[in-house]
Amino acid sequence: MKPTHIEHLGIATPNLEAAMPFFEFLTGGKCYNIEVVEDQKVKTAFFKVGEVKIELLEPTCPESTIAKFIEKNGGRGGLHHIAFNVEDTAAALAEAEAAGLTLIDKAPRKGAENLMIGFLHPKSTCGVLTEICQQPR
Ligand code: ZN
């Protein structure tokens, strides 16, 4: 797998509105996109640090995996995943599977900002939930 760069860091938060001022302070910029991703039951807010984005994730319902993650983290949330940008998500997922890694997504699906994404299971990625993503064409 040859990622071009880290696309974003996914950070879970119980309250997007409450978290945004800190990330505006930290990044020295405004949130440039807020988007609900129905598929993942999250509301996202994006910030930029150079080429790398920060993706804040707030659960939209208690069944959201983000809600469960926050619960496990004492209600505060925290660093949830790291996303690597590749040329071709489908090819990268196939390569990861061939290397013996456990996939959460066997095939790419559409994520926030129209990225084609797929997740690798943390049990085979040193405990770090890993997202593979490809820019929209
Ligand atoms: Zn992500």
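The residues of the chain are indexed from 1 along the displayed sequence. Start at 1 and go down the list; that is how both ligands and their atoms are numbered.
- Taking 2.8 Å as the threshold, H8 counts as a candidate ligand of the Zn ion (ligand 1), since one of its N, O or S atoms lies below it.
- For the 3.5 Å distance criterion, the side chains of E17 and N15 fail to qualify, holding no donor opposite an acceptor.
- For Q135 and N85, the side-chain atoms include at least one donor-acceptor pair closer than 3.5 Å.
- Metal site remark for the Zn ion (ligand 1): E55 contributes an N, O or S atom at a distance under 2.8 Å.
- The Zn ion (ligand 1) is closest to atom NE2 of H81 (considering only N, O or S atoms).
- Sorted by first and then second residue, the pairs that involve residues 65-119 and meet ring pair (Phe, Tyr, Trp, His ring centres under 6.0 Å), not counting sequence neighbours, are H8-H81, F69-H80, H81-F119.
- Counting just the N/O/S atoms of E131, the one with the shortest distance to the Zn ion (ligand 1) is named OE1.
- More than 12 heavy atoms of other shown residues, nucleotides or ligands fall within 6.0 angstrom of atom CD in E35.
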